[in-house]
> 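After the structure tokens below, expect a handful of questions from me.
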Amino acid sequence: MSSALPSNALPERVDLPGRRRLRFAPSPTGELHIGNVRTALLSYCLAGEDGRFLVRIEDTDRERYQPESVPGYLETLAWLGLQWDEGPDIGGPCAPYTESERLPYFEAAVERLVEAGAAYYCFCTRERLDQLRAAQRTAGLPTRYDGHCRTLTAAEATRRRELGEPAVVRLLVPAGETRWDDLVLGPQLFDNETIDDQVLLKSDGFPTYHLAQVVDDHLMGITEVVRAVEWLPSTPKHLITYAALGWEAPRFAHVALVLGQDHSKLSKRHGAQTVREFRELGYLPEAVVNFLAFLGWSPGTEEEIFTLAELRRRVTFDRLQASPAVLDQQRLDYLNGVWIRKLPAEQLALRIQPFLPEAAPEQLIPIAAMVQERIRRLDQVPGLLAFAFSEPEPGADFLRGKLDPREAAAFLQDIPPLLGTAPDPAAEMMDRIRSLAETHAKGDRAAAKKYIRVLRVATTGAEVTPPLPESIALIGAEKAGRRIDRAIRVLTEAA
RNA sequence: GCCCGCAUCGUCUAGCGGUUAGGACACCACUCUUUCAAGGUGGUAACCGGGGUUCGACUCCCCGUGCGGGUACCA
């Protein structure tokens with residue numbers, strides 16, 4: 001509770017920048033999930049170019065709190081390009097942006113609610129609550145607090161608190177019904193009978209997110225709250241709290257969940273799920289953003305490749321989808337390939353570097369050029385280029401393929417003179433190799449391919465590689481020559 | 001149990017009463033080609049079921065079913 005904020009003061013909300021103000025309020029309990037990031041992306045986009053996107057840290061659960069996850073969250077958002085206008089690191093007109101530093105606001109709000117009779121102290125024990133719920137369940141009733149402490153007098157509550165009895169503060173849900181027009185789901189109606197007297201302030205003095213979200217969203221001037229449907233049932237509680245505090249509620253947009261391939265909620269067994277994992281697999285932020293945007297949104301046209309900036313201009317509430325989406329990694333792979341091919345070679349080289357630390361700096365741009373249209377993920381680069389960074393030793397049978405070993409060796413004998421002629425354009429080198437192969441194949445073009453294959457295997461040890469001239473250039477003419485010599489030796493011995 | 005949400009090809013989606021139900025991924029052919037890719041061409045593939053409403057339902061309403069979420073002093 002170390003805070004510079006004045007105690008028990010609930011400030012008036014001031015004029016805040018931005019036509020729209022949307023926030024992303026993650027709870028620091030580990031790593032950002034792909035689903036979390038999608039709502040962050042949506043919020044960022046929906047704020048629009050003339051709006052503000054803020055990040056707030058919802059660290060009200062002291063048991064699950066992992067302080068070291070905050071820098072990771074910010075780094076992830078930055079990696080994706082979701083630049084925030086206000087946040088815990090950069091501050092802003094509503095600082096602080098970390099809820100644990102805003103306790104006085106929540107205390108003040110609670111005081112106001114209790115005084116207004118909209119909330120009350122509750123001393124019920126865990127055991128009593130458990131029994132209550134079990135009984136309600138067997139009776140076929142909604143499980144909810146029975147209002148046992150609702151009738152406590154203020155004096156009684158104060159006395160028990162002063163005696164040190166643990167207490168929480170609960171929202172007093174009035175009779176009636178609660179409705180709102182959801183920006184994604186349309187008109188919503190909840191019978192207040194089914195809404196629980198939610199705990200707003202825990203016995204440790206921290207607010208639950210129900211209180212924290214309401215107070216902070218109001219104080220921070222949030223205009224639209226974008227969150228996953230898992231929050232839908234708690235929205236009435238929030239609306240009741242806003243009303244009790246005399247505040248106008250923001251508009252709500254509940255977006256559908258992202259599901260795993262088996263249609264269940266995304267979890268560990270679905271493979272990659274945190275943004276860090278996708279990043280380590282070699283996905284580009286451009287592709288992740290593009291992909292995520294289409295989980296629950298579409299432009300209504302047949303366009304499908306969008307930059308983040310374009311998305312920010314195009315994404316609107318009325319085109320958000322209400323049905324859940326299954327994460328299809330094959331489609332992500334495809335989009336990633338598209339984005340890899342869009343990158344200038346120098347840019348791609350920079351992105352490849354971490355995946356290929358053994359490459360010399362001057363090799364990276366040629367490498368980028370030769371892998372650009374053959375990879376869908378950056379982590380495929382080392383495999384594709386293994387021949388350049390290790391010494392392959394193909395055996396005679398593999399080398400000769402369907403050729404007579406003597407004929408294969410004879411063809412390879414004629415290659416070295418072609419290698420020294422660099423810096424030839426790749427196309428010219430390939431022309432010479434091809435015509436040489438055709439000569440050995442006596443004009444049979446199909447047979448010529450078998451000779452070219454021998455050269456490929458001899459120099460790279462693999463049947464599938466990037467184009468030969470580029471591959472040989474990467475290996476280096478000298479080293480390629482040695483590999484050819486070795487292959488000739490192996491083939492001759494086998495003959 | 002109780003409350004709530006969703007429902008078009010395998011997947012992401014377009015559609016907002018009258019369409020040969022469109023696109024993309026994946027898949028299959030063919031093509032291009034030094035291998036692999038990338039590219040090009042073509043193809044297979046969908047309105048969950050039943051009732052209404054309507055001259056006419058993928059589109060609107062109801063029921064069912066399925067899937068999902070919530071039901072905490074977690075978010």
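Keep in mind it's a predicted model, so treat the numbers as computed, not measured. In what follows, chains carry the letters A, B, and so on, assigned in the order in which the sequence lines appear, proteins first and then strands, with residues in each chain numbered from 1.
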> A quick test of your reading: do over 12 heavy atoms of other residues, nucleotides or ligands sit less than 6.0 Å from CD of A:E63?
no

> Taking A:R64 for the side chain and A:T29 for the main chain, is one N or O donor matched with an acceptor at less than 3.5 Å?
no

> Look at the side-chain N and O atoms of A:R227 and state whether any lies under 4.0 Å from the OP1 or OP2 oxygen of B:G5.
no

> On a whole-Å scale, what distance lies between the P atoms belonging to B:C16 and B:A21?
14 Å

> Is A:T208 close enough to B:A75 that one of its side-chain N or O atoms is under 4.0 Å from OP1 or OP2 there?
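Checking B:A75 against A:T208, no side-chain N or O comes under 4.0 Å of OP1 or OP2.
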
> How does protein reach along nucleotides 28-42 of chain B, written 5' to 3' as B (base within reach of a heavy atom under 4.0 Å), S (only sugar-phosphate), or - (no contact)?
------BBBBSS---

> Can you find an N or O donor on one side and an acceptor on the other, under 3.5 Å apart, linking the side chain of A:R331 with the base of B:A24?
yes

> With the side chain of A:R64 defined as its heavy atoms from C-beta on, choose the nearest nucleotide among B:G70, B:A7, B:A75.
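Closest of the options to the side chain of A:R64: B:A75.
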
> Output yes when A:R377 and A:D379 qualify as a salt bridge under the 4.0 Å nitrogen-oxygen rule, no when they do not.
yes

> Closer than 4.0 angstrom, basic N to acidic O: yes or no for A:E193 and A:R144?
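Result for this pair is yes, salt bridge flagged.
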
> Which residue lies toward the 5' end of RNA chain B, A:L185 or A:H210, if each is placed at its nearest nucleotide?
A:L185

> Please confirm whether A:R160 makes a cation-pi placement over A:Y121, using NZ or CZ under 6.0 Å from the six-membered ring centre and within 45° of the ring normal.
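Because its charged atom misses either the 6.0 Å distance or the 45° angle limit, A:R160 does not stack over A:Y121.
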
> So, are A:E286 and A:K342 salt-bridged, with charged N and O less than 4.0 Å apart?
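No salt bridge links A:E286 with A:K342.
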
> Which nucleotide, if any, forms a Watson-Crick or G-U wobble pair with B:C27, using both distances under 3.5 Å?
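With both distances under 3.5 Å, B:C27 matches B:G43.
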
> Below the 4.0 Å mark, does B:C4 have OP1 or OP2 next to a side-chain nitrogen or oxygen of A:K237?
no

> May I ask you to verify if any side-chain N or O of A:Q321 is less than 4.0 angstrom from the OP1 or OP2 atom of B:A14?
yes

> Which residues within residues 132-147 of chain A lie with some heavy atom under 4.0 Å of an atom in RNA chain B?
A:R133, A:R137, A:G140, A:L141, A:P142, A:T143

> More 5' along RNA chain B: A:V199 or A:L332, using each one's nearest nucleotide?
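Nearest-nucleotide comparison on RNA chain B picks A:L332.
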
> Using only heavy-atom distances, decide whether a donor-acceptor pair under 3.5 angstrom links the side-chain of A:T194 to the base of B:C2.
no

> For the residue pair A:H440 and A:F411, does the interplanar ring angle fall in the parallel (under 30°), tilted (30 to 60°) or perpendicular (over 60°) class?
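Ring orientation, 0 to 90° scale: perpendicular.
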
> Suppose you measure atom P in B:U71 against the same atom in B:G15; what distance do you get, rounded to whole Å?
33 Å

> In terms of side-chain geometry, is the basic nitrogen of A:R128 or A:D146 positioned less than 4.0 Å from the acidic oxygen of its partner?
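Salt bridge: yes.
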
> Looking only at atom P, what distance separates B:U11 and B:U65, rounded to whole Å?
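Here B:U11 and B:U65 have their P atoms 22 Å from each other.
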
